[in-house]
Amino acid sequence: MKIPRTPWLLVVAAGFWAVVQLLRLVGFNDYYLFIANLSLVYVILAVSLNLINGIIGQFSLGHMGFAAVGAYVSGSITTLIYKLSPNVAAHYPGFVLALVAGGVAAALVGVAIGFPTLRLKGDYLAIVTLGFGEIIRTIFNNIDAVGGPRGLLGIPKFSTFTVILAFALITVAVIRNIAESAHGRNMIAIRENELAADLVGIDTTGYKVKVFALGAFFAGVGGGLYAHLLQIAHPTQFGFIYSVQVLIMVYAGGVGSLTGSVLAAFALTILTQVLKSFLSWLKAATDLPIGGDWYMVVYALLLILIMLYRTEGLMGTREAKLMIIPEEDEK
Amino acid sequence: MSAVLKVTGMSHWFGGLKAVSNFHFEVPEGAIYGLIGPNGSGKTTTFNLITGIYKPTEGKIEFAGGDITGAKPYRIVRKGVARTFQNLRIFGSMSVLDNVRVARQYRPASTLLASTLRLPSFKAEERLRKAEAMRLLDVLHLADRAKEQAKNLPYGELRRLEIARALATDPKLLLLDEPAAGMNPKEVQDLMALIGRVRDEFKVTVFLIEHHMKFVMGLCERIKVLDFGETIAEGIPEVVAKDPRVLEAYLGKKGGH
Ligand SMILES: Nc1ncnc2c1ncn2[C@@H]1O[C@H](COP(=O)(O)OP(=O)(O)OP(=O)(O)O)[C@@H](O)[C@H]1O
Ligand SMILES: [Mg+2]
C-alpha cells in the first residue's frame, strides 16, 4: 500500500499556529502578534521575489510596486463591500476574492512590464522595475478616489493571524511545488545559462514573463494582506526603500533558497522592530537627532556585509528537508 | 541521399566585418560532416546562424525541407537541431542528471497546474524522463556521475555531458563545436568512436567543427574548409586534404609551427 507523504509544510504551519495561540494565553500581546503577522506578510513578499530573482535568476527591484497594486485594489473592494453590506458573513469570502483580485491586477501589470522587458537579455528588468516602483507610487499619490497623498483610509481589519498564515502557507507551498517540478528545472536552467536553456528547447521568454507575473501575483496578495493588517494603503508604504528591504531578505536568506527567504523574513522583520524601539528609546533618553528610519542604516550595513563576506546568504541555494520533494524512487 | 540541412547564399556581417561570406552547402542525411578553418574564420558563427542565435544578413537556411532562417532558437531546437558549445555552457549548479533531463522537457504533457498539484500525469512523465536521461548518460559513460553537481566534473566529461544534453532534445541534426577541445589523445580516440556510435544508435546527422586534423580526416565523410569567412574547399577528405588552397591557408599554417 502506498503511504501518503507527510505534508510537513502544513504540519509546521499548524504547529506555528498552535504555539501562537498558546502564547496568546500567557501574555503574547497584540504588539507581538502584529510582529508575527508582519513577518508572515514579508514571507509572502520575500518568497515570491525569490521566485523571480532566485529561481529564474532575473533582477526585479520593484516588488513593492506590485504589493501596492494589490493593496489598493483589494482595499478599494473591501471598503466598498463594508460600506454596502453590514452583513458580516459576506465579508470574509469578499475579502478573499478582493485579495485574489489584487493579485490578478498585480500580475497583469507584471505582464505589461515583463513582456517588453524580458525579451531582452541583460539587466533591463532592474532598471524598468526600479522606475515602475516609483511611478506606481506617484500614480496612487495623485488619484483622489483612493485618497491621494492621504492614502486609502478605513480599510477593514480583515487580516487576522489565521488568514495571513493560511495565505503564507499557500504561497510557500505553491512556489515550492513549482520550484521542485520539471518547470522549476527549466527555470533554474534559465538562471544558470539562458542561451543554453534556449538551445535545449526552453521558451525562455515565455517562462520569464509567466514567472514574473506569478511573482507579481503573490506580491499583490501580500500587499492586500498588508493593507488589511495596517488598515491603510498609503503611497509611502510601498516606496523603493521597502522593495530594497524585501530584496535584502532574499539575499540574506540566500538567493534561490525559499527556506532562506522564510527565515530571513522573520529574522529581519523582528530585527527591524527591535531596532525601531531601541532607536526611539535612545532618542528619548539622549536627545540625539535620530530619525525614525535610521534602522535602514542597519539594512544597508547588512547588505554590504553579505556582499563582502557571504554572497550566498544564510542558506545559499540549499533548502530545508520539508522544502524538498523527493523523487519517486528515492522516498 | 537527401540533404537534412541546406544553406544557400548565406552571409553575415558583424558591423563592418563579414564573418560569413556567401555560403552554399548541403549536409547529407546520416553523414558526419566537418567544418574546419583557422581561428576566426567563421565556424562558430555558422553554427550560431543555423541555431537562430543570429539571423543571417543574407541567405536561406533549410532544415528537413522547412525554412528555419531567422526562427527563434528554441523553435529550431524543437524542430530537431541540437548543439554543443565551444565554450561550455552547462547548467553548473544542477546535477548531471538534471542537465540532461531538462533538455527532454520541452514537450511537457503536464501543465504548470498539474505539476503544482503533483497530479499522476505529472508523476508518470517525470518517471519516463528520468529513465531516458539515465540511458543517455549511460551511452556517454556518465551514469556514475548522475548525482554530482555538473560544475564539479572535469573538462572532458563536461564535453560529453553537453553531447548527452544535446541528444536529449531528440535531434535529427547534431552540431558539435570543437568537441575534442581540451581532451588528451586517449580521450580524443574514445570520442571519435563515441561520435560514430551516437550517429548510428540515435540516427542523427553529425555536423562538427574541429581543429584536430586527424580527428576530422578520420571521422568525417565530407568537409568544408573556411578561411576569413570564405569557403576555400568542400568535398571528401581525401580530395580536400590535397587542395593547394587548403594546404596554404590552413594546413600550411598549421605545419609552420
Ligand atoms: N558577436 C560578435 N560580434 C562581433 N564579431 C564577432 C561576433 N562573433 C564572432 N565575431 C567575429 O567573427 C569572426 C568569426 O568568428 P567565429 O567565432 O565564427 O570564428 P571561429 O571560426 O569559430 O574561430 P575559433 O576557431 O577561434 O573558434 C571573428 O573575427 C570574430 O571576432
Ligand atoms: Mg569557434
Side-chain angles (χ1 to χ4, degrees), chain A residues 2 4-5 7 51 54-55 57 119 121 170-208 210-211 213-214 217 254-257 312 316-319 325-331, chain B residues 47-48 51-53 72-85 88-95 97-118 122-127 129-131 147 149-151 162 165-166 168-171 175:
Chain A
K2 210 170 143 194
R5 232 165 59 82
L51 179 67
I55 309 289
R119 281 183 309 169
K121 298 193 163 53
I170 293 169
T171 306
V172 173
V174 166
I175 293 180
R176 190 267 319 250
N177 281 9
I178 290 173
E180 288 280 304
S181 75
H183 294 286
R185 225 176 277 137
N186 284 342
M187 295 170 198
I188 293 169
I190 292 169
R191 173 186 80 200
E192 293 293 301
N193 198 312
E194 194 173 334
L195 188 71
D198 257 318
L199 286 159
V200 293
I202 299 171
D203 175 8
T204 53
T205 306
Y207 262 105
K208 287 194 292 182
K210 278 183 216 155
V211 165
L214 191 66
F217 171 82
V255 206
S257 169
E312 76 274 27
T317 54
R318 281 169 303 146
E319 295 286 1
I325 300 172
E327 306 219 0
E328 293 264 300
D329 49 357
E330 287 166 8
K331 278 181 191 164
Chain B
F47 275 17
N48 287 344
T51 51
I53 295 173
K72 289 208 174 85
Y74 77 90
R75 294 206 184 277
I76 294 176
V77 175
R78 291 176 184 198
K79 283 186 160 57
V81 181
R83 73 174 286 183
T84 66
F85 299 90
L88 294 166
R89 284 180 175 275
I90 51 151
F91 305 128
S93 79
M94 294 169 76
S95 72
L97 172 66
D98 280 352
N99 264 268
V100 178
R101 185 154 52 164
V102 80
R104 286 205 80 78
Q105 294 182 167
Y106 66 81
R107 293 160 298 187
S110 65
T111 57
L112 199 58
L113 191 66
S115 44
T116 307
L117 301 176
R118 314 224 143 231
F122 162 79
K123 289 184 178 169
E125 198 181 46
E126 279 287 277
R127 253 192 313 270
R129 244 190 320 248
K130 187 172 181 184
K147 294 215 162 142
Q149 228 185 12
K151 64 175 168 223
E162 278 213 343
R165 186 179 66 182
T169 65
D170 245 337
L175 309 178

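Please read these numbers as outputs of a predicted model, since none were measured by experiment. For the numbers below, each heavy atom of this structure counts, side chains included, while hydrogens, waters and symmetry mates do not. Throughout, protein chains are lettered first and strands after them, A, B, ... in sequence-line order, and every chain is numbered starting at 1.
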CG of A:L195 to CZ of B:R89, rounded to nearest 0.5 Å, is 4.5 Å
If you round to the nearest 0.5 Å, how far is CG of A:L199 from OG1 of B:T169?
9.5 Å
If you look at every heavy atom in A:N186 and B:Q105, which pair is closest and at what distance?
OD1-NE2, 2.6 Å
Of all of B:D98, B:I76, B:N99, which one pairs up most often with chain A through heavy atoms under 4.5 Å apart?
B:D98
Looking only at heavy atoms, the pair that brings A:V200 and B:F91 closest together is CG2-CZ, 4.4 Å
Shortest non-hydrogen contact from B:V77 to A:G201?
CG1-N, 3.6 Å
If I take atom CG from residue A:N193 and atom CZ from residue B:F85, how far apart are they, to the nearest 0.5 angstrom?
7.0 Å
Identify the two heavy atoms, one from B:E126 and one from A:A182, that lie closest to each other, and give their separation to 0.1 Å.
OE2-CB, 3.5 Å
Between A:A197, A:A196, A:G184, which residue shows the highest count of heavy-atom pairs closer than 4.5 Å to chain B?
A:A196
Show the nearest heavy-atom pair for residues B:G92 and A:E192, with the distance to one decimal.
N-OE1, 3.2 Å
In sequence, state the C-alpha distance, the side-chain angles, and the governing distance for B:T51 and A:D198, and then conclude on side-chain contact (heavy atoms from CB on, under 4.5 Å).
CA-CA 10 Å; B:T51 51; A:D198 257 318; over 6 Å; no
